[in-house]
Amino acid sequence: MRRTAFNLASSLAIVIATAACTGSAVQPELSTAMPEPMVSPILTGPEALDTLTYAQPQVARVTHVALDLDLDFDAKRVNGTATLDIAAREGADELVLDSNGLQITSVTDADGQPLYFHTGDGTGEDGKGLPVSIAIGEEAGNPRRITLTYEAAPEAAALQWLTPEQTAGGEHPFLFSQGQAILNRTWIPTQDSPGIRQTWVARITAPKPLDVVMSGVVQSEPEDLGDGRRAFTFVMDKPVPPYLIALAAGDIDFKAIGPRTGVWAEPSVLDRAHREVADTEEMVVAAEGLYGEYRWGRYDMIILPPAFPYGGMENPVMTFLTPTFIAGNRSNNGLVAHELAHSWSGNLVTNAVWGDSWLNEGVTTYFENRIVEEVYGKQRAEQEAALMYANILETLAEVGEDAPGTALSTDGGYQLGSAIAYDKGAFFLRTVERTVGRERFDAWLRQWFDSHAFQPATSEMFYEDMMENLVSGVAEEEALMLRSWIFEPGLPSNVAKPDPAAFAEVDGAVSAYAANGTIPAAYAGWTAAEQMRFLDNLPADLSHGQLAALDTALGLSATGNNEILFLWLEMALENRYEPAVAKVEAFLSEVGRAKFVRPLFAVLWNEGEWGRPIATRIYAKTRESYHAVTRAGVDRVMAED
């Protein structure tokens, strides 16, 4: 998942993954084979104990989920059945699932006989929900099979139901799910932990003419049910963490990129989206050249409506993407590289607990930068790495070098998306690579993916694998400072800093502007990374005249790159620049990406008597259009004194 804004006080790590497959008549290729189900191990060490699940996988665990669900857009409900295959130890008579608002009406065994079940006490308002305990008896043999009949509540946090007015086409409703980190328990009854991998199948019915895609391989053309609805079927025959089960439904079309890549989007968005992601097949080839075979078959993407709360979500075979990355010049395609890299780091090998989320995000961010280097060149990769490094330094300056949340492996007490999990994690691997050499490092990382494919992992396992398969001798161990990087706060002294020459021209322009207000004439010819570096390093206090001159000379309000527009709007609000307020309101009314929305509301809120009335007015109009993830972040901001 692509990053969200840093918030040390957040108590849960919320991650996202996006990959789904397709189900319309234009779907590229269909698969009907269902291999023997693969069962992944679970980890039982104390460092792998997931405190965000009620499951007891050492006693009884879910290995396979079969969904048969109807999408009801009028009632905003998902309802139907979930059939679970269970592996239980001898004598186990109870299965514990996670639920957050699920309305379960019955549970039956493989013979259709009712089973006793009980939902735990409490409100479940902490996001963890409540346990569902099911009496499964003591029958011998595995797997055991049970079926739950249930509904997901209209307010299920993983699901966002969009009205036609909230879509680009304006004619049909839209639905998408976002499961990471622990939101899928609001619409799927299972053991919702990244360490309990499961295969799955699904049959989803939806009203015509909507198409359904999921993070699994489509099995056939949609079945016309004769009642104004169609059924779509999907299979994921490789065990995945439950947060990677994803669904989207709407008026969407498909356009191929390469033999195994393509993009879905609303019809009016499709051509623009296709041009933006046209390098994807080349990225897949580059990724395979670095770290081995792409093991998921197809790599498709869907461009979701702008209410999607993240940049991207790496759901297998169908990455979910925000339309806000579309700039017209592929300058934000590091996002595509990032979600693709998750096909190895995160999807193939997954953090067993969310406190080790850097194993997903930090490794992926490093991998992303290597793909960018292969496809777009070393200069762009170095510039993007320099932006990451600046993020780390800014965060450490804000929270302190000794803040516990700045260690890579934590108890989960920071919001995922910070410069720590992503950027410090990437610079850890960058430092190891520079120390041992790229050839040795690449061979080791490929080995890590191969050895732990389709399995959960912990920071301790990562460290031990490095010690066993990479580190050569005591001197190299001391030079690498592995335990300091993974388990201690701050930034170790051996960090491989980015090349200062990457932004030499831009940094000179920043100094010139600070000294005499010179606006660089070369700005229009700079890369997006260079433009962001310039804007992000301008003096904090600017007069309204200076802001107006910057906007006029650089075309900031009219830019088609939302990353740059966000930096401009943030700068303008921090200086109470009234002419930018209308643009801010329009932006916040159109975009639901948490990375942009929460910080802009935070700036307004921090501006006290000037900004708070503006924030209150805009949020009253926009709140219901945001995903639950985005709303939660802004709600926290608006509750601050």
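All residue numbers refer to positions in the sequence shown, counting from 1. Small disclaimer: the values here were computed from a predicted structure and weren't measured.
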Within the 4.5 Å heavy-atom criterion, are [X] and [Y] side-chain neighbours or not?
X	Y	answer
Arg636	Phe601	no
Leu148	Ile134	yes
Glu361	His338	yes
Ser133	Val96	yes
Glu223	Arg203	yes
Leu71	Leu210	no
Ile42	Arg61	yes
Ile196	Thr190	no

Which heavy atom in [X] sits nearest to a heavy atom in [Y], and how many Å separate them?
X	Y	answer
Asp85	Pro143	CB-CB, 4.0 Å
Ile245	Ser177	O-OG, 4.3 Å
Leu304	Ala248	CD2-CB, 4.1 Å
Leu321	Gly312	CD2-CA, 4.2 Å
Trp187	Tyr150	O-OH, 2.9 Å
Val218	Phe234	CA-CD2, 3.8 Å

Return yes if a side-chain donor-acceptor contact under 3.5 Å exists between [X] and [Y], otherwise no.
X	Y	value
Asn347	Trp344	no
Asp356	Thr458	no
Arg593	Thr322	no
Thr149	Thr81	no

* Please walk me through it: do Asp72 and Glu151 pass side-chain contact (heavy atoms from CB on, under 4.5 Å)? -> CA-CA 11 Å; Asp72 186 339; Glu151 287 188 350; over 6 Å; no
* Partner of Trp358 by side chain to side chain contact (heavy atoms under 4.5 Å, CB included), out of Ile486, Asn351, Thr364 ->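 The residue from Ile486, Asn351, Thr364 that satisfies side chain to side chain contact (heavy atoms under 4.5 Å, CB included) with Trp358 turns out to be Ile486.
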* Please determine which of Ile182, Thr350, Leu183 meets the side chain to side chain contact (heavy atoms under 4.5 Å, CB included) test together with Tyr243. =>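 Answer after filtering Ile182, Thr350, Leu183: Thr350.
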Could you give the distance from [atom1] ([X]) to [atom2] ([Y]), rounded to the nearest 0.5 Å?
X	Y	atom1	atom2	answer
His64	Asp237	NE2	CG	10.0 Å
Asn100	Ile188	CG	CD1	13.5 Å
Gln191	Thr63	CD	OG1	9.5 Å
Thr53	Asp98	OG1	CG	3.5 Å
Ile136	Asp93	CD1	CG	7.0 Å
Leu335	Leu340	CG	CG	11.0 Å

* To do: Could you check Asp121 against Leu130 for side-chain contact (heavy atoms from CB on, under 4.5 Å), going step by step and ending with a plain yes or no?
  => CA-CA 7 Å; Asp121 298 326; Leu130 300 170; over 6 Å; no
* To do: Measure from the ring center of Phe308 to the ring center of Phe176 and say whether it is less than 6.0 Å.
  =>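 Ring centres of Phe176 and Phe308 closer than 6.0 Å.
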* Is it true that Trp296 and Phe454 have ring centroids separated by less than 6.0 Å? ->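 Ring-ring flag for Trp296/Phe454: true, centres closer than 6.0 Å.
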Main-chain N/O of [Y] paired to [X] side chain as donor or acceptor, under 3.5 Å:
X	Y	result
Glu464	Met461	no
Asp111	Gln113	no
Ser215	Ala246	yes
Asp300	Gly262	yes
Glu266	Gly250	no
Tyr54	Gly129	yes
Arg185	Asp192	yes
Arg229	Thr205	yes
Lys128	Thr51	yes
Gln160	Ala158	no

* **From CA spacing to verdict: side-chain contact (heavy atoms from CB on, under 4.5 Å), Val59, Arg89** => CA-CA 6 Å; Val59 177; Arg89 72 186 185 193; 3.8 Å; yes
* Is it true that Arg230 and Asp211 make a salt bridge, defined as a side-chain N closer than 4.0 Å to a carboxylate O? ->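 Yes, Arg230 and Asp211 are salt-bridged.
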* Any pair counted as ring-ring contact (aromatic ring centres under 6.0 Å, His included), so long as it reaches residues 96-122, sequence neighbours left out ->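 Non-adjacent pairs meeting ring-ring contact (aromatic ring centres under 6.0 Å, His included): zero.
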Would you find more than 12 non-hydrogen atoms of other residues, nucleotides or ligands less than 6.0 Å from [X] atom [atom1]?
X	atom1	result
Asp227	CG	yes
Arg145	CZ	no
Lys255	NZ	yes

* Under 30°, 30 to 60°, or over 60°: which ring-plane class applies to Tyr299 and Tyr294, parallel, tilted or perpendicular? ->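 Perpendicular: the ring planes of Tyr299 and Tyr294 meet at over 60°.
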* For Phe449 and Val363, run side-chain contact (heavy atoms from CB on, under 4.5 Å): C-alpha distance rounded to whole Å, both residues' side-chain angles, the deciding distance at 0.1 Å, then the answer. => CA-CA 11 Å; Phe449 292 139; Val363 178; 4.0 Å; yes
